Amino acid sequence: MTTTRSDDVATVTEKYDPTIGLETHVELGTASKMFCGCATEFGAPPNTHTCPVCLGLPGALPVANEQAIESTIRIGLALNCSIASWCRFARKNYFYPDMPKNFQTSQYDEPLCVDGYLDVQVGDRTVRVEIERVHLEEDTGKNTHVGTSGRIHGADYSLVDFNRAGIPLVEIVTRPVTGSGELAPEVARAYVTELRDILRSLGVSDVRMEQGSLRCDVNTSLAPRGSDTLGTRSETKNVNSLRSVERAVRSEMVRQAQVLDAGERVLLETRHFQEQTGDTRPGRSKEEATDYRYFPEPDLVPMAPDPAWVDTLRASLPELPAARRARMRDELGVGAEDMTHLSNAGVVDVVAATVDAGAPIGEARNWWLGYLAQKANEREVAAAELPITPPQVARVIALVADGTLSTALARQAVDGVLETGAGVDAVVAERGLQRVSDTSALEQAADDAIAANPDVAEKVRGGKVAAVGALVGAVMKATRGQADAAAVRDILLAKLGAGA
Ligand code: ZN
Ligand code: MN
């Protein structure tokens, strides 16, 4: 007799029901920190954006950032949450060197937004992920451990940078998601993807997982099939890409199934995701519950958002990704498969915005999935993060449509915008990119090309029409790519008496 080893997700779900839960931290893109006026800009020299408040100096008093509260309420509304009519900040007490106050100002039993949901699509299935809470807190500083290990153990010394300490952070917590079976890893990924796209369309954060402005903790547990109690969960930290979210759930499902198959107990613990291997390693055990000694923050007044203000914020929410996708499908005829391409490339929003700026959908799609994707790749950024706006792309497309630019020239125009930050028309004028449509100039260039390449011209006259390509190339070179290649070809063939 052989026993099935639970070494892949499909075998795991023959015996176990997985449950996942996600806690996501989002750094808000406000200009200043949560409780002081320090700048939030990324990449400044260490400890230059600090003050008595974010350094936790005695007697310094915090003042809440109104913009951050507004952004958090907008996130809550976009996630179908109820907005608390009254809530407070709380102190979460713990010691760590990256946190100068020895407590994090957070929210505990009175969060700003509660009881929402987010519907996510996995293949043709819609899964409703319930949102337990969305609350506002602050980020910590950043430790750098110097030495061969790069970790605190075995480090020669550690450095701390408090520039990040006090940057507004929103924590979004789901309820346990059950019933997705072997799709659990995909559901986790789809949830974070959809959440990221919503946050991006709200404009509240730059949502860069690789820079840590969107960070994810993934909880996974297994229960015997059909059981109605949840199994013990592990919490995987350090998951910083969409792909890793999916891999983390997958590897935890397989690992926990092997533990349970062996008759052992899954430990309640924090684990760390390993980017190289795709599995998780044990971290801190949580078997003894940490006591954070939460208590209401005495230095900050409670928040009581005016319902009229909340209504205004609700009315001013932008078109959210799900509605935008439905509109692209129904009004613009974008098919499911194409939508997946656009989604995977993270360009649904910019393509839609390019269409909104007047471009045909096909052209908008081709630019963002083609040349712009290539440029983004070279710069190692997402296409949507390129320094060119959807209206600028729409303008380039319009200039091609009205014959001002050839495709080659349009690409040069895009290059100019990306390099200089100038507008499309300015780049076209400055670089002299208008296409040469002056026929006499083209005729002259064609005559020159024929005179310079008599052998090629003779072949074409003799019927080898394909050879004309070399002459077209010569004319295009002479006109610095500004001629219309098809028109040049027609002119050359007419001159050589070899009709197309
Ligand atoms: Zn400060
Ligand atoms: Mn938190």
Side-chain angles (χ1 to χ4, degrees), residues 21-28 30-42 44-69 71-72 75-76 79 87-96 98-114 131-142 160-175 192 195 199 204-205 209 212-219 235-240 270 283-284 286 289-294 297 299-300:
L22 293 121
E23 285 181 32
T24 311
H25 283 94
V26 187
E27 257 182 19
L28 295 179
T30 52
S32 58
K33 291 188 180 180
M34 187 60 229
F35 300 112
C36 62
C38 291
T40 55
E41 169 205 5
F42 184 80
N47 297 307
T48 51
H49 294 323
T50 56
C51 74
V53 173
C54 57
L55 288 177
L57 301 189
L61 284 173
V63 177
N65 182 330
E66 183 181 355
Q67 184 63 50
I69 296 169
S71 295
T72 308
I75 293 169
L79 296 174
C87 70
R88 281 193 288 198
F89 286 103
R91 288 189 182 183
K92 179 180 182 179
N93 298 279
Y94 68 95
F95 173 78
Y96 206 69
D98 63 8
M99 205 180 52
K101 300 193 297 187
N102 290 339
F103 62 84
Q104 178 190 35
T105 306
S106 179
Q107 294 195 275
Y108 182 50
D109 49 354
E110 296 157 310
L112 194 45
C113 320
V114 293
I131 308 288
E132 182 182 297
R133 59 190 283 148
V134 176
H135 78 235
L136 188 50
E137 57 185 36
E138 60 181 334
D139 212 344
T140 60
K142 190 173 179 352
V160 60
D161 175 9
F162 290 120
N163 283 351
R164 199 180 67 180
I167 288 186
L169 205 57
V170 170
E171 181 176 324
I172 301 161
V173 183
T174 70
R175 291 218 163 82
V192 181
L195 181 61
L199 295 166
V204 294
S205 168
M209 291 188 88
S213 54
L214 179 70
R215 316 197 276 269
C216 219
D217 300 343
V218 184
N219 295 325
E235 183 178 340
T236 307
K237 303 240 180 208
N238 190 26
V239 189
N240 56 10
T270 297
R284 181 160 45 102
K286 285 196 158 184
T290 321
D291 181 0
Y292 291 115
R293 294 177 296 122
Y294 280 100
E297 168 58 63
D299 286 343
L300 286 160

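Here the structure is a predicted model, which means the values were calculated and not measured. Every number for a ligand or one of its atoms is a count from 1 in the order of the listing.
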**Prompt:** In degrees, rounded to 10 degrees, what angle do C36 atom SG and C54 atom SG make at the Zn ion (ligand 1)?
**Reply:** 110°
**Message:** For the backbone of T140 and the side chain of R164, can you confirm whether one donor and one acceptor N or O come within less than 3.5 Å of each other?
**Reply:** yes
**Request:** Looking at E137, pick out the N, O or S atom nearest to the Mn ion (ligand 2) and give its name.
**Result:** OE2
**Message:** For E137 and S106, which I'm curious about, is there any donor-acceptor pair between the side chains at under 3.5 Å?
**Reply:** yes
**Item:** Closest non-hydrogen atom pair, E23 against N219
**Value:** OE2-ND2, 4.1 Å
**Prompt:** With the Mn ion (ligand 2) as the point of reference, which N/O/S atom of E171 is the closest?
**Reply:** OE1
**Request:** Look at H25 and state whether any of its N, O or S atoms is less than 2.8 Å from the Mn ion (ligand 2).
**Result:** yes
**Item:** Under 2.8 Å: N/O/S of H49 next to the Zn ion (ligand 1)
**Value:** no
**Item:** Check: R293 main-chain N/O paired with N93 side-chain donor or acceptor under 3.5 Å
**Value:** yes
**Asked** Can you name the closest pair of heavy atoms from I131 and R175 and give their distance?
**Response** O-NH1, 4.0 Å
**Prompt:** How wide is the angle at the Zn ion (ligand 1) between SG of C38 and SG of C51, to the nearest 10°?
**Reply:** 100°
